[in-house]
Amino acid sequence: MNVTSRSDAFKVTRFTKYCQRREPIDMRKVTCVTPNACAVLLALTLAMLTAVFVPHPGYAEQPPPPCHPNPNAPADRAAVASRGDVVNLPQPLKDRLIQLADRPHTYLPMQTFAEADGPSQLFQYYLLDTTGFEPNVFTAILPRVNDQVQLTVTGGNCGLPTIGAVRVALEPKPGLPTDPNDPRAFNDVFTDISPLFVINNESGWYEGWMIHDITVPPVAAARPDGHAQFGTITQRDAEILKKMGTGNNVPGHIFTVDGQTLHFPSASDHFPHRQTNVVPIHVSMGTYNAMQQSDAHSYWEFNYLGTNWVHPLYELPFTGGFPDRSAGQAPDAFQDGEIGKLQSIVPGSGPAGIQNDPRVFGDNPNLPRDPDKFDGDDDKQREFRFRNIPSGLANEIYLDVYERLASFEPQVKNLQKRLFDAYAAEVARVDSNGDGVISAVEGDIDTSSDGFPDNARLFLPPTAFNRFAVTREINDGLLAPRFAPSQRAWVLSGFRVPVDPAVSASAGRDGDDR
């Protein structure tokens, strides 16, 4: 259809903007000079009412004025909904990705490409939002705290709620397991979030974390020295745990520090007096920043080749969110002036373990540390200066600290000392050359250690990670999450949703199948 006057063209444009911005429309002000132009306005009215005002359950939304809508929303929704890596997904996840596509964005939710002859298999996902933890300065306006300054993380696009989606898919590579419960399997993690503001200061970033809350393991006979065997507790340990609180801590349950019923992070928490009673293990899903349109996207690989590894746990007493005197006590590291008191820049097994020469284990400018240099045919060329440890070994350390109250240092009640001692002791079981560091060779899943034929036990499978969080990080030199294990720097969180049987979740082929 043609518009026959410049006046009518201007009025059509103005009418279109009214619709796009969802402003009240006064039809008395929308007049046309010719019948043909009126036909154009009628057609535009029907189109805009369909595209903007007719609800699309679960995902149709645009920011209110004065922010600007996504002018390509219908096409973007359709493109994502019909994409080969999305069509087979569970409906809640599919709806979330379409919702992200509908909003203003720089990029659509990430395309998942296959890295094997068969399609990638989605076996779990997380839907993220800002409601699962105590509101903080990053996610809320707090009176007399940040009510007179701009929000720096959330609140983008005139207040659209910040939401996200995380997809975890297995790569069915030749010769590798196709069971996501097998730690030898290779997996991809895709994170899409909207809106998050870009971080400008102090080399800041957002970081994703898959979280495993430690459980109470089965009971087994002790080692000859009286210490519990790997992945177990002794009968005496079990008896002590069962007497805690209301008796929650029995084998198979998620462990709680007070023995009370499970209390995950909640919006009703109040730091530091009311906090979660679970003990989390954080595996990083990589760091990222936001795009111009306040969307953020991240890709990460989850496997034993250096990614399914945990920050050095001995950093925790120095983050500002760790209860460093006794289990269940409110965090006091900040009040005690301990933030940053200890760093892990030079790898070692912590305050109770090996302290290494920075000229050997520091970041050598002639041969920079490269944690990705994990696999190779010449062991002498593989990285030996890792700061972190495998996730299953971190779990073993936490069993010593929190659950082996009879079989590990029963006389030690100080939580910080128990952590330092357990870290040094468990690293030493895998560290064959006694340098306090688990190298690529020592931490390889096929290496034998501590009487076991391989190291498969040292890696938690992705299915063990029941939660996901995104944090607002700052360049503090620590690998641990900021203020961990508290949630004071969280900006998003969500729980694991299993997909069984797994569904095809890729389209096209990645250029490099590594």
Side-chain angles (χ1 to χ4, degrees), residues 123-134 136 138-139 164-168 180-181 183 187 189-191 193 205-217 253-257 262-267 269 271 275-288 298 300-303 307-313 315-316 319 321-323 331 388-399 401-403 419 458-473 478-498:
F123 60 88
Q124 68 189 41
Y125 65 91
Y126 308 81
L127 300 181
L128 309 180
D129 60 40
T130 61
T131 65
F133 49 93
E134 181 185 357
N136 56 46
F138 307 117
T139 65
V166 180
R167 293 166 278 167
V168 188
N181 295 295
N187 310 281
V189 184
F190 301 85
T191 302
I193 302 171
W205 63 85
Y206 297 107
E207 190 157 0
W209 305 91
M210 282 174 63
I211 299 173
H212 167 72
D213 296 305
I214 68 170
T215 62
V216 181
H253 282 199
I254 292 177
F255 172 82
T256 58
V257 294
L262 217 60
H263 171 65
F264 286 117
S266 165
D269 288 346
F271 182 86
Q275 291 285 284
T276 178
N277 59 2
V278 299
V279 178
I281 291 175
H282 298 79
V283 169
S284 174
M285 294 294 101
T287 62
Y288 44 91
S298 172
W300 192 247
E301 294 182 342
F302 186 102
N303 55 54
T307 56
N308 187 6
W309 290 50
V310 175
H311 61 86
L313 298 178
E315 287 185 341
L316 288 172
T319 65
F322 184 77
N388 47 12
I389 59 173
S391 61
L393 187 60
N395 187 77
E396 189 72 2
I397 292 166
Y398 273 160
L399 294 184
V401 175
Y402 290 99
E403 301 189 35
L419 176 63
L458 297 184
F459 299 92
L460 298 172
T463 51
F465 291 81
N466 53 308
R467 295 188 287 139
F468 195 102
V470 178
T471 57
R472 200 295 194 194
E473 296 294 328
L478 301 175
L479 294 183
R482 191 175 175 196
F483 305 128
S486 80
Q487 293 81 52
R488 301 306 289 160
W490 281 25
V491 297
L492 286 155
S493 69
F495 284 89
R496 173 180 178 264
V497 181

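By convention here, the first residue in the shown sequence is residue 1.
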Please assess Arg472 against Tyr206 for the test side-chain contact (heavy atoms from CB on, under 4.5 Å), listing each intermediate value before the final yes or no.
CA-CA 5 Å; Arg472 200 295 194 194; Tyr206 297 107; 4.0 Å; yes
Taking the side chain as everything from C-beta on, heavy atoms only, tell me whether Tyr398 gets closer than 4.5 Å to Leu419.
yes
Determine the minimum heavy-atom distance between His282 and Val310, stating which atoms define it.
O-CG1, 3.7 Å
Set of residues satisfying side chain to side chain donor-acceptor pair (under 3.5 Å) with respect to Asn308, sequence neighbours excluded
Ser391
Just so I know, are the side chains of Arg482 and Arg488 near enough to count as touching, which here means a heavy-atom distance under 4.5 Å?
no
Do Asn395 and His212 pass the side-chain contact (heavy atoms from CB on, under 4.5 Å) test, and can you show the C-alpha distance, the side-chain angles, and the key distance before you say yes or no?
CA-CA 9 Å; Asn395 187 77; His212 167 72; 3.4 Å; yes
Residues in side chain to side chain contact (heavy atoms under 4.5 Å, CB included) contact with Thr463, at least two apart in sequence or another chain:
Phe123, Gln124, Pro180, Asn181, Pro461, Arg496
Under 4.5 Å between any side-chain heavy atoms of His311 and Thr319, yes or no?
no
Validation row, ring centre Phe483 to ring centre Phe271 under 6.0 Å:
no
Ring centre gap for Phe465 and Phe302 strictly below 6.0 Å:
yes
Contact check, side chains of Ile211 and Tyr126, non-hydrogen atoms, under 4.5 Å
no
All ring pair (Phe, Tyr, Trp, His ring centres under 6.0 Å) counterparts of Phe190, not counting sequence neighbours:
Tyr299
